[in-house]
Amino acid sequence: MILVVGATGSLGGRITRGLLAQGKPVRILARHNSPSEELAKQGRANTARSLIEAGAEAVYGDLKDRASLTAAVAGVETVVTTATATQRGGDDTVPAVDLHGTLGLIEAARAAGVKRFVYTSTYGAVQGHPVPLFNIKGTCEAALEQSGMEHTILWPAIFMEIWIGMVVGMPLMARQPISLIGKGDHRHNFVSEADVAAFAVAAVDNPRAANQRIGIGGPASYSWTEVVAAVGQAMGAKVPVQYLPPGSPAPLLPDEIGALLNGMETFETFVEMTETAPAYEVKLTTLDDYIRRTFMG
Ligand SMILES: NC(=O)c1ccc[n+]([C@@H]2O[C@H](COP(=O)([O-])OP(=O)(O)OC[C@H]3O[C@@H](n4cnc5c(N)ncnc54)[C@H](OP(=O)(O)O)[C@@H]3O)[C@@H](O)[C@H]2O)c1
């Protein structure tokens, strides 16, 4: 039995459906009164019911409720977690969910004798990182490595669907200029969320993935200026852009997204995928494929 925590989320849902499509037995940790019920109407989440209809069994619980985690991991061989509070709110804070909730889940899984724990971190996460989420992810990675459980750490770069949707798609829909920070010229290795899900599914019971940290990026790195130019080309229209000084908030975007956009102009990412993608039999989505699919027609 594979327990997916975060299954009602965007990436978590793709992983759950991918595992079910392979005929694997999947249990999901679902929440009563989950925000995913509303978010699913906007295509931003999956209802627990839709996953149950696809073949998953559900246990009800919450990462903030340690006892519910003990019940959820009972009889489970593999735990996969993608859960995060970054797109939730209220009591679901990043420290409560991403840090303490994940640490509680690792401990519950270890105590229950779970064989493998697959943790969704983020590329570049490390304990002591100045960005709180990257520090938290690094802290959970360290706890997992010290747990003695066999583990796989997914280390994906920035997701095309989420980020290009917010930074480019949202202003376009609102007929506002796209806001970029600085010169928007630092290159990042945008990866499709669908490809990250494919890696998770391929890694779940793969001996090659045992005790590995798997860097996951797209086929090439692009700057925001290049991304916007590619969208304009696909749409056959000039896309208005305003360049804001470093430190500026990004109009239309939540503060933490604006902060990360600022951060992205202080470093670059490139993940070498020439061996990893064929090893896990994942065909990487190109930026052009994603843009054509999303912004044309
Ligand atoms: N976006 C990027 O560019 C990027 C890059 C690298 C790594 N990542 C990582 O990739 C993952 C993205 O996953 P996603 O797209 O599926 O996230 P998502 O759409 O934001 O969904 C979050 C999931 O976490 C669950 N959750 C939140 N609080 C919870 C709680 N207290 N107890 C139990 N479950 C809780 C949610 O359940 P409810 O539906 O019930 O709220 C939902 O299933 C995250 O770990 C993120 O850090 C993202």
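Side chains are part of it too, since the values below use all heavy atoms of this structure and drop only hydrogens, waters and symmetry mates. Heads up: numbering here begins at 1 and tracks the sequence. Keep in mind that what you see is a predicted model, and the values were worked out from it rather than measured. In listed order, ligands and their atoms are each counted from 1.
- Residues Val94 and Leu133 share a closest heavy-atom pair of CG1-CD1, 3.9 Å.
- Checking Gln212 against Thr152 by side-chain atom types alone, no donor-acceptor pair falls below 3.5 Å.
- Summary of contacts: the protein heavy atom closest to atom 19 (O) of ligand 1 is Ser10 N, 2.9 Å.
- Within a 6.0 Å radius of CD in Glu281, other residues, nucleotides and ligands contribute 12 heavy atoms or fewer.
- Of all the atoms in ligand 1, the ones that sit under 4.0 Å from a non-hydrogen atom of Ile158 are 3 (O).
- Closest to atom 40 (O) of ligand 1 among all protein heavy atoms lies Ser34 OG, 2.6 Å.
- If you number the atoms of ligand 1 from 1 as listed, the ones under 4.0 Å from a heavy atom of Pro156 come out as 6 (C), 7 (C).
- Protein heavy atom in closest approach to atom 43 (O) of ligand 1: Thr8 OG1, 2.7 Å.
- The atoms of ligand 1 that sit less than 4.0 Å from any heavy atom of Ala83 are 24 (O).
- Ring geometry for Trp224 against Trp163 counts as tilted: the plane angle lies between 30° and 60°, on a 0 to 90° scale.
- Heavy-atom distances between Ala45 and ligand 1 stay at or above 4.0 Å for every pair.
- The protein non-hydrogen atom at the shortest distance from atom 17 (O) of ligand 1 is Thr84 CG2, 3.7 Å.
- Close approach to Gly9 involves these atoms of ligand 1, each under 4.0 Å from a residue heavy atom: 16 (O), 18 (P), 19 (O), 21 (O), 42 (C), 43 (O).
- Residue contact check: Asp92 has heavy atoms under 4.0 Å from atoms 28 (N), 30 (C), 31 (N) of ligand 1.
- A donor-acceptor pair shorter than 3.5 Å cannot be found between the side chains of Asp62 and Ser68.
- Contact atoms of ligand 1 toward Leu11: 10 (O), 11 (C), 13 (O), 14 (P), 15 (O), 16 (O) (distance under 4.0 Å to a heavy atom of the residue).
- Residues Leu284 and Ser192 form no side-chain contact, since every pair of their non-hydrogen atoms from C-beta on lies 4.5 Å or further apart.
- Under the 30°/60° scheme for interplanar angles, the aromatic rings of Phe117 and Tyr119 are found to be tilted.
- One hydrophobic cluster, built from ILVMFWY side chains closer than 4.5 Å, cannot hold both Leu39 and Val4; they sit in different ones.
- Compare Lys137, Arg31, Glu161, Arg14 by their heavy atoms: the one nearest to atom 46 (C) of ligand 1 is in Lys137.
- No N or O atom of Tyr123 sits closer than 3.5 Å to an N or O atom of ligand 1.
- For Gly12, a nitrogen or oxygen atom sits less than 3.5 Å from a nitrogen or oxygen atom of ligand 1, counting backbone and side chain alike.
- If you check which protein heavy atom lies closest to atom 6 (C) of ligand 1, you get Thr122 OG1, 3.1 Å.
- Using the six-membered ring where Trp is involved, Tyr290 and Phe295 have ring planes that are perpendicular, over 60° apart on the 30 and 60° scheme.
- Within ligand 1, the atoms closer than 4.0 Å to a non-hydrogen atom of Thr120 are 9 (C), 10 (O), 11 (C), 45 (O), numbered from 1 in the order shown.
- Aromatic rings from Phe199 and Trp155 are positioned such that their centres are separated by 6.0 Å or more.
- The protein heavy atom nearest to atom 13 (O) of ligand 1 is Thr82 O, 3.5 Å.
- For the pair Glu193 and Ser10, the minimum side-chain heavy-atom distance is below 4.5 Å.
- Shortest non-hydrogen contact noted between Arg27 and Ala74 is NH1-O, 2.8 Å.
- Put simply, the side chain of Thr78 does not reach to within 4.5 Å of the side chain of Lys115, judged on heavy atoms.
- Among Tyr119, Phe190, Phe159, Trp163, the residue whose heavy atom sits closest to atom 8 (N) of ligand 1 is Phe159.
- Taking only nitrogen or oxygen atoms, main chain and side chain alike, Val97 does not reach within less than 3.5 Å of ligand 1.
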Exercise. Could you go step by step and tell me if Glu37 and Thr47 meet the side-chain hydrogen bond (donor to acceptor under 3.5 Å, both in side chains) rule?
Worked result: CA-CA 5 Å; Glu37 296 295 319; Thr47 61; 5.2 Å; no

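- Residue Ala157 approaches ligand 1 through these ligand atoms, each under 4.0 Å from one of its heavy atoms: 5 (C), 6 (C).
- The nearest heavy-atom contact from the protein to atom 42 (C) of ligand 1 is Arg88 NH2, 3.4 Å.
- The backbone and the side chain of Asp62 each have at least one atom closer than 4.0 Å to an atom of ligand 1 (non-hydrogen atoms only).
- Ranking protein heavy atoms by distance to atom 7 (C) of ligand 1, first place goes to Ser121 O, 3.2 Å.
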